[in-house]
Amino acid sequence: MQDEGRVIFVSGPVVKANMMRGARMFDVVQVGEERLIGEIIELKDDVATIQVYEDTMGLIPGDRVVQTGAPLSVELGPGVISMIYDGIQRPLDIIKAQKGDFISRGVEVTSIDRTKRWQFRPTAAAGTLVKGGTVIGSVQETNVVEHRIMIPPDVEGTLEHIVGEGDYTVDETIASVRTSTGKVNIAMLQRWPVRISRPEGERFDPDVPLLTGQRIFDTFFPMAKGGTAAIPGGFGTGKTVSQHQLAKWSDADIVVYVGCGERGNEMTDVLTEFPELNDPRSGDKLMNRTVLIANTSNMPVAAREASVYTGITIAEYFRDMGYDVALMADSTSRWAEALREISGRLEEMPGEEGYPAYLASRLAGFYERAGRVRTLNGDIGSISVIGAVSPPGGDFSEPVTQNTLRIVKVFWALDADLADRRHFPSINWLRSYSLYLKKVSPWWSREVGDQWFAMREEAMGLLQQEAELQDIIQLVGPDALPAKDQGVLEGARLIRESFLRQNAFDDVDTFCSEMKQHEMMRIMLRYHKLLQDAIAKGIAVERLKAVKIKEDLSRMALVKEELFKQEFARIEAEMESEIGGMEVEE
């Protein structure tokens with residue numbers, strides 16, 4: 001087998017090399033004297049086309065290309081949680097310690113520390129029949145994550161030997177399995193190729209909501225565990241802050257955040273803010289259940305293409321332990337731009353707006369790795385994928401947005417007009433939708449309130465009526481409307497300004513529990529009903545607009561979680577008394 005070729009052509013991140021017989025698609029190679037990491041993406045006879053994940057400046061024809069004989073893979077094992085990696089799973093803190101603030105080319109570091117010793121506790125005994133996914137022990141990786149040590153997916157046989165409880169490095173042998181082809185040694189460290197999905201068992205309908213603490217997401221356009229969502233919007237509409245909120249507050253066990261082509265300042269916010277955040281679920285640091293993949297827009301473009309696969313493979317690994325994983329990709333547009341650039345360098349026939357013709361299938365292949373499944377071990381785990389999309393100029397008709405919408409089941413449409421009015425999150429409630437609404441409705445009815453779906457539909461109807469009345473208001477003004485329609489505007493205004501708007505930077509309003517959301521919505525709809533009843537009695541709208549309780553109603557979001565039940569009961573009682581007790585003036 002030929003294990004060394006020669007560069008014959010360099011074009012940006014794309015390199016062609018000959019003398020590559022025996023090479024395979026998607027194998028990793030090392031290019032040039034600095035051993036730059038690349039991946040074979042095309043083979044014709046003995047000529048390989050390689051996408052290089054580092055800056056190719058200085059490469060010239062004749063430079064050597066060394067085959068590794070292995071596909072692009074990630075290392076999986078204790079030590080992954082709380083790490084900050086680049087797009088090909090190189091730990092940035094270790095690179096910084098070795099090379100300084102600027103990453104030099106050709107850096108070779110291990111993704112997982114080989115020297116650290118972890119306390120392994122066996123849970124299986126010798127003589128047990130095991131197969132891929134069987135848990136044979138555990139490591140307490142952080143205070144909140146128990147890392148379950150599993151048999152690799154392609155191993156099946158009898159557990160011949162397993163070590164006792166003690167401290168071991170990730171590459172020490174902790175067990176051996178007698179298979180039909182011989183003995184296989186098992187370590188805590190596994191490798192898995194990023195472009196191949198990890199095997200799974202039965203798939204389930206996504207009928208359990210992924211609770212986020214964000215009112216417009218949870219109540220109006222809910223996401224299910226194991227589901228897929230897109231959050232498109234133009235510059236400045238709040239994509240990144242929305243994804244940060246989802247990462248911080250969603251009730252997933254593990255968070256994988258992929259900054260795919262993000263601006264450097266936005267990624268810096270993530271890298272500096274996340275390590276300081278406290279986890280609302282455990283009181284520990286949020287990083288103790290988070291993996292960050294940082295791939296900024298000034299890093300080599302080809303690495304963007306790898307970063308989303310690195311992230312989803314890590315997510316699948318923790319899903320296989322039975323965890324619920326939330327993966328945030330910000331943004332898939334930058335990933336698609338990398339596909340477009342590589343496709344152009346390969347001189348492929350372009351599709352719409354220069355994107356490759358296979359854009360839709362690549363997007364589908366990524367999102368389809370989400371799901372709620374029975375793992376090989378019999379546990380139930382899930383991966384929920386939320387991808388930000390950055391359409392140029394906020395144009396949702398462009399190819400990446402349109403192809404994404406054909407795949408995902410939740411569409412959270414960010415609106416530049418709402419952002420300009422400082423209404424955040426700037427989700428347009430008339431353009432957004434969730435196809436999980438009826439699937440998660442039984443959970444909400446059972447766990448939160450049996451009128452949840454009816455209340456949600458009533459509130460949406462009120463907001464739609466308001467939108468229809470806006471056209472009339474543009475012509476005649478609000479005061480010319482009938483009193484009943486003015487009551488609709490008043491009820492919709494309270495929902496729009498005090499329920500749909502949420503301050504991510506307020507200590508209280510940044511998170512709203514599902515019970516608090518339900519009670520807020522119930523009281524706001526009751527307010528609208530009282531208004532309509534009072535208007536039907538002949539009470540002037542001006543009097544109703546001036547009620548004192550309005551201020552308390554508009555500030556319900558700022559009531560602390562531990563106080564909301566008693567405070568909301570007071571607000572509701574005063575509202576019933578003030579509005580319900582009104583009499584028509586003589």
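Below, all heavy atoms of this structure are taken into account, side chains as well, without hydrogens, waters or symmetry copies. Treat the numbers as computed from the prediction; the structure is a model and nothing was measured.
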*Any side-chain heavy-atom pair of Leu76 and His147 under 4.5 Å*: no
*asked:* Could you check whether Arg304 makes a cation-pi contact with Tyr53, meaning its NZ or CZ is under 6.0 Å from the centre of the six-membered ring and within 45° of the ring axis?
replied: no
*Calculate, to the nearest 0.5 Å, the distance between atoms OG and CG belonging to Ser82 and Leu286 respectively.*
11.0 Å
_If you count heavy atoms of other groups shown closer than 6.0 angstrom to NZ of Lys131, is the number above 12?_
no
*Determine, using ring centers only, whether Trp412 and Phe217 are less than 6.0 Å apart.*
yes
_Derivation and outcome, salt bridge (charged side-chain N to carboxylate O under 4.0 Å, His left out), residues Arg195 and Glu305_ = CA-CA 11 Å; Arg195 297 186 185 277; Glu305 206 259 347; 2.7 Å; yes
*asked:* Using every non-hydrogen atom in the two residues, find where Leu327 and Ala315 come nearest and quote the distance to one decimal.
replied: CD1-CB, 4.1 Å
*Do the side chains of Leu210 and Val440 get nearer than 4.5 Å, heavy atoms only?*
no
*Flag the pair Ile151 / Ile136 as yes when at least one side-chain heavy-atom distance between them is below 4.5 Å, and no otherwise.*
yes
*Atom of Ser384, atom of Ala224 and distance for their closest heavy-atom approach*: OG-O, 3.7 Å
*asked:* Over 60° means perpendicular and under 30° means parallel, so tell me whether Phe366 and Tyr309 are parallel, tilted or perpendicular.
replied: perpendicular
_Val410 vs Tyr436 side-chain heavy atoms within contact, under 4.5 Å_ = yes
*Of all the heavy-atom pairs spanning Pro71 and Pro193, show the shortest one and how long it is.*
CG-CB, 3.8 Å
*Taking atom CD of Glu160 and atom OG1 of Thr179, what is their separation to the nearest 0.5 Å?*
10.0 Å
*Which heavy atom in Val170 sits nearest to a heavy atom in Pro78, and how many Å separate them?*
CG1-O, 3.6 Å
*asked:* Any heavy-atom pair between the side chains of Phe511 and Gln245 that's under 4.5 Å?
replied: no
*Can you measure from CD (Gln190) to CG (Asp154) and round to the nearest 0.5 angstrom?*
8.5 Å
*Kindly check if the number of other-residue, nucleotide or ligand heavy atoms within 6.0 Å of CD (Glu165) is above 12?*
yes
*Ignoring hydrogens and geometry, is there a side-chain-to-backbone donor-acceptor pair from Arg24 to Gly69 under 3.5 Å?*
yes
*Could you tell me whether the side chain of Ile380 reaches within less than 4.5 Å of the side chain of Phe204, counting heavy atoms only?*
yes
*Out of curiosity, Tyr355 OH to Arg340 CZ, how far, rounded to the nearest 0.5 Å?*
4.0 Å
*Without hydrogens or angle criteria, can the side chains of Ser343 and Glu348 be said to hold a donor-acceptor pair below 3.5 Å?*
yes
*Please name the pair of heavy atoms, one in Asn288 and one in Thr142, separated by the smallest distance, quoted to 0.1 Å.*
O-OG1, 2.7 Å
*Check whether any side-chain heavy atom of Leu414 lies under 4.5 Å from a side-chain heavy atom of Lys239, and answer yes or no.*
yes
_Please check: side-chain N/O of Asp218 versus main-chain N/O of Thr212, any donor-acceptor pairing under 3.5 Å?_
yes
*Identify the two heavy atoms, one from Tyr168 and one from Glu172, that lie closest to each other, and give their separation to 0.1 Å.*
CA-OE2, 3.5 Å
*Please check if any side-chain donor atom of Thr313 sits under 3.5 Å from a side-chain acceptor atom of Arg369, or the reverse.*
yes
_From Arg334 atom CZ to Ser390 atom OG, the distance as rounded to the nearest 0.5 Å_ = 4.5 Å
*Glu200 side chain near Thr375 side chain, heavy-atom distance below 4.5 Å*: no
_So, taking the atom named CZ in Phe26 and the one named OG in Ser73, what distance separates them when rounded to the nearest 0.5 Å?_
12.5 Å
